[in-house]
Number of protein chains: 4
Amino acid sequence: MVLRDRFKGKISAGAMEFLNSLRVDREMIMEDIWLNQAHVIMLERQGIVPREDAAKILSALDDLKAEAMAGGFQLKEELEDVHMNVESYVTEKAGQAGGKMHTARSRNDQVVTDVRMKLRGEILETVGLLITLDRTLLKLAEKSKSTVMPGYTHLQHAQPITLGFWASSYAEMFFRDIERMLGSYSRVNSSPLGACALSGTSFPIDRKFTARLLGFDSLQENALDAVSSRDFILESLSSLAILTSNLSRLSEELVLWSTEEFSLIEMPDEFSAGSSIMPQKKNPDLAELIRGSAGRTYGNLVQALTAVKGITSGYNRDLQEDRALLWDSFRVVNSSVEIMNGILAGVKWNDKRMFALVEDGFSCATELANSLVMKEGMPFRKAHSVTGKLVKSLIKEGKNFKDISDVRKLLKKEGIELSEKDLRNLLDPSKAVSASRSIGGTSPAEVGRVAKSLKKELLVKEKSLKGKRKGIEDAGKETEKLVREIV
Amino acid sequence: MVLRDRFKGKISAGAMEFLNSLRVDREMIMEDIWLNQAHVIMLERQGIVPREDAAKILSALDDLKAEAMAGGFQLKEELEDVHMNVESYVTEKAGQAGGKMHTARSRNDQVVTDVRMKLRGEILETVGLLITLDRTLLKLAEKSKSTVMPGYTHLQHAQPITLGFWASSYAEMFFRDIERMLGSYSRVNSSPLGACALSGTSFPIDRKFTARLLGFDSLQENALDAVSSRDFILESLSSLAILTSNLSRLSEELVLWSTEEFSLIEMPDEFSAGSSIMPQKKNPDLAELIRGSAGRTYGNLVQALTAVKGITSGYNRDLQEDRALLWDSFRVVNSSVEIMNGILAGVKWNDKRMFALVEDGFSCATELANSLVMKEGMPFRKAHSVTGKLVKSLIKEGKNFKDISDVRKLLKKEGIELSEKDLRNLLDPSKAVSASRSIGGTSPAEVGRVAKSLKKELLVKEKSLKGKRKGIEDAGKETEKLVREIV
Amino acid sequence: MVLRDRFKGKISAGAMEFLNSLRVDREMIMEDIWLNQAHVIMLERQGIVPREDAAKILSALDDLKAEAMAGGFQLKEELEDVHMNVESYVTEKAGQAGGKMHTARSRNDQVVTDVRMKLRGEILETVGLLITLDRTLLKLAEKSKSTVMPGYTHLQHAQPITLGFWASSYAEMFFRDIERMLGSYSRVNSSPLGACALSGTSFPIDRKFTARLLGFDSLQENALDAVSSRDFILESLSSLAILTSNLSRLSEELVLWSTEEFSLIEMPDEFSAGSSIMPQKKNPDLAELIRGSAGRTYGNLVQALTAVKGITSGYNRDLQEDRALLWDSFRVVNSSVEIMNGILAGVKWNDKRMFALVEDGFSCATELANSLVMKEGMPFRKAHSVTGKLVKSLIKEGKNFKDISDVRKLLKKEGIELSEKDLRNLLDPSKAVSASRSIGGTSPAEVGRVAKSLKKELLVKEKSLKGKRKGIEDAGKETEKLVREIV
Amino acid sequence: MVLRDRFKGKISAGAMEFLNSLRVDREMIMEDIWLNQAHVIMLERQGIVPREDAAKILSALDDLKAEAMAGGFQLKEELEDVHMNVESYVTEKAGQAGGKMHTARSRNDQVVTDVRMKLRGEILETVGLLITLDRTLLKLAEKSKSTVMPGYTHLQHAQPITLGFWASSYAEMFFRDIERMLGSYSRVNSSPLGACALSGTSFPIDRKFTARLLGFDSLQENALDAVSSRDFILESLSSLAILTSNLSRLSEELVLWSTEEFSLIEMPDEFSAGSSIMPQKKNPDLAELIRGSAGRTYGNLVQALTAVKGITSGYNRDLQEDRALLWDSFRVVNSSVEIMNGILAGVKWNDKRMFALVEDGFSCATELANSLVMKEGMPFRKAHSVTGKLVKSLIKEGKNFKDISDVRKLLKKEGIELSEKDLRNLLDPSKAVSASRSIGGTSPAEVGRVAKSLKKELLVKEKSLKGKRKGIEDAGKETEKLVREIV
């Protein structure tokens, strides 16, 4: 990005290193090669670059692509960015013709085109991983739709739920993450190429043609907007931050449930770690790292938001780090989703402990209050109050809802007569769970229905994902075909 | 939210104030009344509450609504939240029947339903304001599509553009903000009512019916997800943060352009402020406040992201502040958009200064280099280098591109012969601007075409906005009609 | 802040509300009155304002102060900020003399002086509350220095510790928060008054005198820095954010420990809440709110950091919100510290459950490994490995360290002979705890020593706090005395 | 960190990579070697490890140190962290004796000790760079204490100031950054070694001795606090974020001042960049990168704050990334400070333009109003109003303060008679500047005095810096000496 013919001074070494963006853009080399191919094919077609020059450039790009794919291409630090590395390689191979490759474009539109090409791939990758995670959760939901466990609010036992119900709540959350990522896709997969430095160009370029060759769905029209705007990056970083907020909640629950005290699950060995000093330990390090990764995506989002705050339109160098943040957030998120999937697939669920926790407590209090309303016609607030007093008395006597006769006695004092059989039914956690038949409730029937419906919706998303992938691949093939026609 | 029959202690005063959420939820009273109406109509329809009790409750709600609309309803601090205030009012008026209003629901689903109802309104409000702002920008774009001004990158003169081109770049940005807000709408306008505390209920409720009466487009099915998830809030806060990042960039430019040194614009008096000690000043305080409001929405987003990080599923009290953040961000954003619209409508654009800045500099250097490529067949890199040297020499001699004969002489030295007429054409900013005819380029023709096309797309968004508003109004009318049938 | 003689237009209503800073500065009225008194006394002393005018102004300020303290002074919205309200009141009462009060100063230095005066008070308030909290923790530390409980890493049982040891770890954390707050004090309590708009003044003012009257310890010398810089605000917001990060960790532990599953503590009733639908619940709402308050202080810090990013020197309106953030963060933090103190003072610690959790597990594994090193001369890594195998075998057989004979048998297989008595000693949690006698270790002796030493250090901090408070009070008295001399 | 004797499963590859902390801790190898040396010397002295074993270990560490310094030591990815790499190297060389190195400590205290050792060095490095930057600013302050330029508020011309005054305002800001960094030093340079996993140890270790050998000033006493707390990291990250907020403001001003429109400065060539498409440009890329680096340090701070929010005490894996953030923030800040120093030393200040901007405007309006107060006895508010009207009239007529006779005529209309000579004096920017003689005002005399005083304070800070550096070096020498006695 530094062409310094008019400068007499020399840039200092420290400054050079700071300016150097190879660190952040070396991952975009394949995108940059493809972009160069499409651009040169267009320049030739429009008569801006003669066919023989185009052939030389494309041939050089062929060599570079082969080297890069074989891992043999060494980027030179002194050329500062991946774009200058590619251009320098081409100029060396193609001679004077190489100097024509950068006609009718600028580093400004080139960089942001590369970023969008790589970003769309990352989004699709994450969506794919989320679909897998969601299927794992729905499989669990169906398998354990009748496994009774305590439902918590404020981490206190609230009402009995099923493990399957819990699993499908996360499936719904991650499904919205999928929606969000796909929803942002159309704002990402739009071509800025041809915006040039900031104002378009007087060369008779064909922006729609390059957009098609590069697999874009639309054009970023206004050129100044195309090179200045980074809201598409902020949007992706936000989506990833929100996704990790969901992941961190799931991680927290797994960390908690794998404690000695909860003992609701056993973490799979391959996703745990030992201790250097305490041989008896099995630490949920990976779940903790996933929980911590929320901090990473939050921090990346804040960095990007801060960088764009208050800068003027047109490219400013403050924007350089944006892409580094993107790739970092995606790397962390993709690892996290993959590992979370592995953890969920490998966890041992302690059904007995789950049931015991419900049975030995007061989780069925709401069900009891509801029944007083439905069967005794008591106003809800009154039923609530009576049940509250009952629980208080039981705790005082060291009893719980398993002590049916005590419950019966205490209710009688409040003027409520219930047979032991009725009470037993009311306070049976499995029955309470089955009774929650409202739409989306915890009853096995509803859990099964919701899971089935969500699986269908996942199929739709997967189809959309595949369509997008195919569009990109087809564009790649078309470019390749046109290269072959010229070279 | 504190019903304390089983507790012997008294909550401390300091703690009480901290727990008190009236501050954050008093703005949702109209939503809460509507929700209660719909819920009671449904309870009656499903046979859960007798018609006469329903009539008493609905009648009390009628009174409350009238008082609240007239501004006469005083919320009691000691009742802690708006929901208890409403319930307490109803119980007072409707007697024992009032105690039945809270049947088959919980504070958990009630709060989040209110939030979603209010939030959808806020989103539509912001979208409406953005459509207005975009139209103001497009009007400016069309009016000044031929007004030449310097285009900046790195705040340095880069190439000549037009004011209309600049305006339409912001129109495109804010259009994406509109898309983002509307894109999130379906994840907001979905009913959690009936999820109850966390697991649904055994009462035979009809969730679809209440959803329809409240104007929701769909159901949040899984009950645990419905009461635990706040990603819809994070998504709105993100969208607002991104929007203010765009607004702050526009503000920064206006602040800059209104300096003595730039003098590209004069701020409208009604959006400026004076100084207590310096009588000559006219300060762009409102643009600065808008620029600063990015901090506010960023901070609110970070607060919400932090609060949900690592908490377990089921309601936790950490979530209480989420809605305060929402209303605060919307208030700031809506004011900012409205004021920005006023500023843009009132600014005086200094066309002469704009043109002079272009003419007296080297903004047309790219156009000259392009011409060397197109007409002389010079490789781009070479043309770039020759032009760079030319500029260097001119600066040294204290000249610029207006000094045509000097330019000609210097080019000659490099072996390039151009007639004075050709040069004059090449270095005429208006002609340079007209030449940038690539799609989305700065030429008046393209600026006009893009503006027209964007205006059409705005009509589509406006139609969608109106449709959503009507849906909500119709639902309100249906509820009202059913209330009348019972009362 | 808006004096608009040279403007012809009218500021719009929406803009006016946005500009209005009463919301953020009404809390500084007492500081503003004091500032005005000191400033006028100085102006009179320096011969800038005649004594009779000074007397009129000071007398008007007397009236205002009385009204404000009695709660009778109504700020007028249309005067936009607290400073104009005060000035307007004085001008009304003192006639033309009132117009002289604003001589030789500006809104810019006035605002930041008020902020610093209020801020120093907030810092001292928080430090005082933290000293109280620390004493509560140290009292607990001493009382329960022998109460054995599981020590956790990764939330897994690691080694036995004592409750007192745990309490004193938090005492040390909050002690550093005290240090940080006091460490920032000298950068806060420094007078910017006399910096005027940005460049000082040609009036012969005496900055040192006003600084003394207002209780400042030093001067912010360079005037431009004095009105532009907000790093003292960022520093306070950072300290509060760090403090809440510590508080949120403590809250998380208390929330966890009060679950049915952990049952290590019972939350005091007065700091818990009930549920609207689940009568048996006792929710740790206040601990959750404290945990969530980390989000609030983080968000406020981010907002302030964002606002100052990239703005130029000299006052800019972006800075208006800074003080609102300050008072909000202090309010949240002070409530949180006070409530946390109440919670800790009221919690019931379940000693039996704590001991049982240690005894029934493998917490003493490290102690066993250490002993193999010390007594058997085994390299640590080897001892670690042997102990690990032992634990694995015991778990397989459903045994733990209470099953001494099984342990003995299994160790024998590895070639290690230990008498049952020795083993019993080694695996006795109380003895393990007592053995950790390294400095700062969990042994009761060390916990006691550390607590004692920390209490001494708290006395030193308290003395410093009292000295600072007295300095401010004395300055107030001196001002009052000089006012009386003139009026 | 993974010792897995009791696990039957295999950790998955993806998980392994995620767990791998080499990336974040490879920079701490020299600290880790030193720590190991000190620990082993102590173990030998306390009779915990026999002298011959200690000699073997220390000898292996000698070899490793030599290899590492020569750059020949390759860290093995599969060993996950730097600590296991060091231990594995030692065990290989020292045989069974190597297994004793990890006696009486844990990875938990080891990591945090390494971090503190490296961090203290980073703090001192930054302080040193800030002292240099401050001296550059003060040199500029003294050299240009009489160079008149416009002083801005709201980016509008406010009052005339001097360039030296501006420079010394930044010198004061960065001086506070120095204070903050040094103020946090005592909370950083405190030894956690010996805290072991979380509870100290029963081995008879000597924590004070290792602390001395490692150059620590004190002990982190409570062991649980020592391994759990990360507030010292948050404090450093906060200080760096605040520092970059100051740097970004300075950068913004330099970017602005180097625009064609301002033309107050010319950026040094070696800290500028060209453009790939616009040959005439000289872009302030480095100042922009520094401005953008605020985002980086803010983001890192948010990540760290988020990671610690709500985690329980004792080590949790979430904390792994903290050190990566530290080194990243320091790298960015240190580069930024160094480059800013280079920029300031190389900038050409355009004195003529600065003066012209003041002379051609109304910057002296305040001075005029002040004089009406001082000489005519007019109340300030009235003088303000009169001057405001005057400016308004002048602007209307296209005049400014250089048009003395117009000014005189207009004042006369308001009843104010001033001789042309008096007016000329009043409106002479240089005289206005010299008149601002209040403490810290913009008069050359005050700028000179403040600069001199700040230079003295810098000497004190430098002495403190050197003292700290020497303390660390001496500790290193003592360790080395004791190693030689054993090996």
Side-chain angles (χ1 to χ4, degrees), chain A residues 5-6 96 99-100 102-103 151-155 158-159 161 168-169 172-173 176 183 194 197-202 205 207 221-225 229 231 234 238 242 245 248 252-253 291 294 298 305 308-310 312 314-316 370 379-381 385 388 392 435-436 438-442 450, chain B residues 5-6 96 99-100 102-103 151-155 158-159 161 168-169 172-173 183 187 194 197-202 205 207 221-225 229 231 234 238 242 245 248 252-253 291 294 298 305 308-310 312 314-316 370 379-381 385 388 392 435-436 438-442 450:
Chain A
D5 289 305
R6 61 168 287 246
Q96 214 185 342
K100 299 187 175 173
H102 203 55
T103 313
Y152 299 85
T153 61
H154 308 266
L155 259 190
Q159 294 174 1
I161 60 171
S168 81
S169 79
E172 293 223 28
M173 283 190 217
R176 286 191 300 275
L198 75 157
S199 64
T201 181
S202 54
I205 60 172
R207 290 189 64 189
E221 297 217 328
N222 180 289
L224 183 55
D225 173 47
S229 295
D231 50 86
L234 298 177
S238 297
I242 295 171
S245 82
S248 78
E252 170 78 2
E253 296 206 273
R291 183 176 61 189
Y298 292 7
L305 282 167
V308 300
K309 186 249 164 187
T312 51
Y315 183 77
N316 294 284
N370 283 354
F380 181 76
R381 284 295 179 209
S385 162
K392 208 174 171 180
S436 289
S438 55
I439 295 181
T442 195
V450 168
Chain B
D5 290 304
R6 62 167 288 244
Q96 212 184 346
K100 298 187 176 173
H102 203 54
T103 315
Y152 299 85
T153 60
H154 306 267
L155 259 192
Q159 295 175 3
I161 61 172
S168 80
S169 79
E172 294 224 25
M173 282 190 217
R187 280 180 291 281
L198 76 158
S199 65
T201 181
S202 54
I205 60 172
R207 291 189 64 190
E221 298 216 326
N222 180 289
L224 182 57
D225 173 46
S229 294
D231 51 85
L234 298 178
S238 296
I242 295 171
S245 83
S248 78
E252 170 79 0
E253 296 206 272
R291 182 176 62 189
Y298 291 8
L305 282 167
V308 299
K309 184 249 163 184
T312 51
Y315 184 76
N316 294 284
N370 282 356
F380 181 77
R381 284 295 180 210
S385 162
K392 206 174 173 180
S436 289
S438 56
I439 294 181
T442 194
V450 168

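To find a chain, count down the sequence lines: A is the first, B the second, and so on, and within it residues start at 1.
In plain terms, the two heavy atoms of Pro379(A) and Gln96(B) that are nearest each other are CG-NE2, 3.3 Å. Looking at every heavy atom in both residues, Thr153(B) comes nearest to Ala197(A) through CG2-O, 4.2 Å.
With a 4.5 Å cut-off on non-hydrogen atoms, Leu234(A) touches chain B through its backbone and its side chain both. Residue contact with chain A, scored on non-hydrogen atoms closer than 4.5 Å, involves the side chain of Ile161(B) exclusively. Heavy atoms closer than 4.5 Å to chain A are found in both the backbone and the side chain of Arg291(B). Only the side chain of Ile205(A) comes within contact range of chain B, with heavy atoms under 4.5 Å apart.
Taking Gly183(B), Ser168(B), Gly151(B) one by one and counting their heavy-atom pairs under 4.5 Å with chain A, the maximum is reached by Ser168(B). Options Lys100(A), Lys309(A), Arg176(A) differ in how many heavy-atom pairs under 4.5 Å they form with chain B, and the most are formed by Arg176(A). Put simply, of Leu155(B), Val450(B), Thr201(B), Thr442(B), the one with the most heavy-atom pairs under 4.5 Å next to chain A is Thr201(B). Among Ser199(B), Ala223(B), Ala294(B), the residue with the largest count of heavy-atom pairs under 4.5 Å with chain A is Ser199(B). Comparing Leu305(B), Asn316(B), Thr103(B), Val308(B) by heavy-atom pairs within less than 4.5 Å of chain A, the highest count is held by Leu305(B). Residue with the most contacts toward chain A among Gly314(B), Gly310(B), Gly194(B), Ser245(B): Gly310(B) (heavy-atom pairs, distance under 4.5 Å). Among the candidates Gly441(B), Gly200(B), Ser436(B), the residue making the largest number of heavy-atom pairs closer than 4.5 Å to chain A is Ser436(B). With respect to chain B, the highest number of heavy-atom pairs below 4.5 Å among Glu252(A), Glu172(A), Met173(A) belongs to Glu172(A).
Once rounded to the nearest 0.5 Å, the distance linking OH of Tyr298(A) with OG of Ser248(A) reads 5.0 Å. Between the CG atom in Asp225(B) and the OG atom in Ser169(A) there is a gap of 6.0 Å [rounded to 0.5 Å]. Separating the OG atom in Ser202(B) from the CD atom in Gln159(A) is a distance of 9.0 Å, to the nearest 0.5 Å.
Counting heavy atoms from C-beta on, the side chains of Glu253(B) and Tyr152(B) never come closer than 4.5 Å.
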